K.L.:
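The structure is given below, and queries will be raised subsequently.
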Amino acid sequence: MENTLLRQLPSVDELIKSPAFNEAVAAYSRALIVDAVREALAEFRLLIVSGKVTDVKSSVVHALVLEKIHEITSSSIVRAINATGTILHTNLGRAVLCDDAVEALTIAASGHVNLEIDLATGERGLRDGLVEGLIKRLTGAEACAVVNNNAAAVFITLNTLAESRDVVISRGELIEIGGSFRLPEIIKKSGCVMREVGTTNRTHPDDYEKAVTKDTAVFFKAHRSNFIVSGFTSEVGLAVLVSIGKRHGVPVVEDLGSGALIDLTKYGLPKEPIVGERLSTGADVVTFSGDKLLGGPQCGIIAGSQAIIDRINKNPLKRVLRADKLTLSALSATLRLYLNEETLSQNLPALRAMTRSVEEIGAIAEKASVLLRQAFGADYKVDVKDGESVIGGGALPGYTLRTKVVLITHKTFSAEKIFKAFLGASPPVLGRIKDNAFVLDMRTVQRAEDVVIGAVKLL
Ligand SMILES: *Cc1c(COP(=O)(O)O)cnc(C)c1O
C-alpha cells in the first residue's frame, strides 16, 4: 500500500511542468521552484510512510508545493500585537519609534544622506556628529559616540580604557541582563581583567581603595536594571566612588542600561537614574541603550569626557561597532522630541504607554471584551480585570503600573492552547498566561480590534 502510494507520487520534472506553478516560475527562479517541489515531495513521502495520507491527489500535492513557495518567499518578519503589557519588550523589538523617527527612516532609507559630509565645508565629517549636539544638550556631556547597542558601548569603553589592565567592580553589580549579556564575560572579552570587590550584598568605599594598584584602569559601576536588592545591603554611591577615583587618577565608567534623559517623577513614575545627573555627579563616562527608556532605535550611547570619547573614536573597534545611517536618523528624530518636554509624553510612544491612564486602557479592554465575546460564543469566558504591567527593558525593576486586562478561559481548552491560537493569528497576538487563564494586557494595545483578529482563528 505504502509503496504503491510512493510510486504514484509525481517526479520533480513532472511536477514543475504543471501549469499550477506557471505564475511562480515567472515571478521567481526555476531553481527556487525546484527546491519547493523537492521539499513538498519529501514532506508528502513522510505523510505516506506515517499513514497520515492514504491517497495521492495531485491537487493536494500542488497545494503543498504552493505552500512551500509561500514559505520561502514571504516575509519572516511581521507586525505583531504586543498584548503583554510590557512596554519595552526585548523579544518584540523594544521601543516603538515615534512618527518623526519613522519619517526620518524613510528619508534615509530611500536616498543618500549627509552621513559623513560636513555640509558647511564639504569635508569629511564624523557620523556621530549628526546627534552629538542633541546628546550634549540633553545630558550635559562634553562628547558622545554611538555604537550598535549598549552591550557594544560597554565593550568598547572597557577595551579602550582598560585593555590588559584591571576593571574594579563590586560583586553586587556583576549583573546578567538576559539574552547573554553577563558583565563578567563582557569584561573578559573586552580584554580586561576583572577585579571584584566587596560582597554580593555589601560593598564599602574601603573595598575600592584597597583594590587600587598600578594596574587599575577603571572603576566600573553597573545599574541593577532588572532586579532589586533589599535587606542588609550597602553600595558605594557614585559621588564617593568618583572622589576615590579622583584621588587615584582612576576614571569611573557607569553602565546605566536603561538611562533616562529626563526625570520620570514628572510623570508620576518612580525615579530612574538620569544620564545628565550621573555625569554631573562626576562619572567620566555613562553608557546607555537607545531603545529602552529613551524610546528610540537600537543603539548604545557613550556620553562622557571629550578625551575619553576621542580615544574611543580612535579604537578600530569603533569601525566594527558603529551605527548606520538608519539608526542615526531615527535616533536624531527621537532626541529632537526631548527638546519639547510639554509634548514628549504624547509624541514618544514608550512614554505615552507608560503614562496611559487606567481609564483609557479600561475603555479599550471593555470594547475588546465585547468583540471577543461576540466572536467566541458561549464556551469561552471573557472578563475584564485589574492587572499590573511592567515597563521592561531594564527600567524601574520591581515597579508595576496599574492596568486593565482581558482574561480569557474556555470550558475545556487550556490557556496554552488559547495562547498558541492567538500567536498563530495574522498578525500574531502575544499575550500572557496567568493562573490558567490567557491574559491580554491592553496597556500596550492601540485598538481593541487589534486583539480580536486573533480570535477568529480559534473558531
Ligand atoms: C539593557 C542593559 C544592557 C544591555 O544593553 P543592550 O542595549 O540590550 O545591548 C547592559 N547593561 C545594563 C545595565 C542594561 O540594563
Side-chain angles (χ1 to χ4, degrees), residues 86-97 128 131 135 139 144-159 167 169-190 192 194 218-229 235 238 241 252-261 264 270-275 277-279 283 285-304 312 317-318 320-324 326-328 330-331 334-335 350 354 390-399:
T86 303
I87 296 163
L88 301 167
H89 198 300
T90 299
N91 305 145
L92 294 176
R94 290 198 186 149
V96 172
L97 295 182
D128 294 349
V131 292
I135 293 173
T139 65
C144 77
V146 183
V147 287
N148 179 62
N149 57 10
N150 185 40
V154 171
F155 180 70
I156 192 174
T157 302
L158 291 179
N159 177 269
V167 172
I169 179 168
S170 159
R171 288 194 172 86
E173 294 171 18
L174 286 175
I175 53 171
E176 171 179 319
I177 302 296
S180 73
F181 182 91
R182 295 179 126 194
L183 257 184
E185 285 163 12
I186 299 280
I187 293 172
K188 196 162 164 212
K189 280 286 178 195
S190 65
C192 310
M194 182 171 76
V218 161
F219 283 154
F220 191 84
K221 250 189 117 47
H223 180 45
R224 295 190 195 102
S225 50
N226 55 1
F227 67 108
I228 38 183
V229 287
E235 174 188 351
L238 181 62
L241 192 57
V252 175
V253 174
E254 180 161 54
D255 172 21
L256 268 194
S258 193
L261 292 180
L264 293 179
K271 173 108 188 189
E272 176 75 10
I274 304 166
V275 178
E277 278 183 12
R278 307 306 278 180
L279 287 168
V285 174
V286 171
T287 69
F288 54 104
S289 296
D291 54 352
K292 291 183 175 175
L293 274 182
L294 194 153
Q298 177 192 303
C299 61
I301 299 169
I302 310 167
I312 288 172
L317 278 174
K318 178 68 193 329
V320 177
L321 302 170
R322 72 182 183 189
D324 75 328
L326 299 180
T327 302
L328 290 167
L331 178 61
T334 308
L335 290 170
M354 279 185 261
V390 298
I391 293 173
L396 303 175
Y399 178 73

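Just so you know, ligand 1 is whichever comes first in the structure, and atom 1 is the first atom listed for that ligand. Only a predicted model underlies this, so the values are computations on that prediction, with no experimental measurement involved. Atoms considered below: every heavy atom in the structure, side chains included; atoms not considered: hydrogens, waters and symmetry mates.
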K.L.:
Checking side chain to side chain contact (heavy atoms under 4.5 Å, CB included) for the pair Val253/Val154: CA distance, chi angles, key distance, verdict?
P.N.:
CA-CA 9 Å; Val253 174; Val154 171; over 6 Å; no
K.L.:
Out of Arg94, Arg224, His223, who gets a non-hydrogen atom closest to atom 8 (O) of ligand 1?
P.N.:
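Result: the heavy atom closest to atom 8 (O) of ligand 1 is in Arg94.
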K.L.:
How does Val154 reach ligand 1, by side chain, by backbone, by both or by neither, if only non-hydrogen atoms under 4.0 Å count?
P.N.:
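Near ligand 1, Val154 shows nothing, with every heavy atom at 4.0 Å or more.
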K.L.:
Which value, rounded to the nearest 0.5 Å, describes the distance between Leu264 atom CG and Ile391 atom CD1?
P.N.:
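Atom-to-atom, Leu264:CG and Ile391:CD1 are 7.0 Å apart.
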K.L.:
Could Glu272 and Lys292 be called an ion pair, given the rule that one side-chain N must be under 4.0 Å from one carboxylate O?
P.N.:
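No, this pair does not count.
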K.L.:
May I ask you to list the atoms of ligand 1 that are less than 4.0 angstrom from any heavy atom of Ile175?
P.N.:
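It comes down to these atoms of ligand 1: 13 (C).
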K.L.:
Number the atoms of ligand 1 from 1 as they appear, then name those within less than 4.0 Å of a heavy atom of Ala151, with their elements.
P.N.:
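Heavy-atom distances to Ala151 below 4.0 Å select 5 (O), 6 (P), 9 (O).
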K.L.:
Report yes if some heavy atom in the side chain of Leu183 is under 4.5 Å from a heavy atom in the side chain of Met194; otherwise report no.
P.N.:
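The answer is no, as the side chains (C-beta and beyond) never meet within the 4.5 Å cut-off.
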K.L.:
Check each heavy atom of Lys292 against ligand 1 and say whether those closer than 4.0 Å belong to the side chain, the backbone, both or neither.
P.N.:
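Just the side chain.
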K.L.:
As a quick check of understanding, evaluate side chain to side chain contact (heavy atoms under 4.5 Å, CB included) for Lys318 and Asp128, giving each step before the final call.
P.N.:
CA-CA 11 Å; Lys318 178 68 193 329; Asp128 294 349; 2.7 Å; yes
K.L.:
Is it the case that ligand 1 has an N or O less than 3.5 angstrom from some N or O of Ser289?
P.N.:
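Looking only at distances, the answer is yes, because the N/O contact criterion of under 3.5 Å is met.
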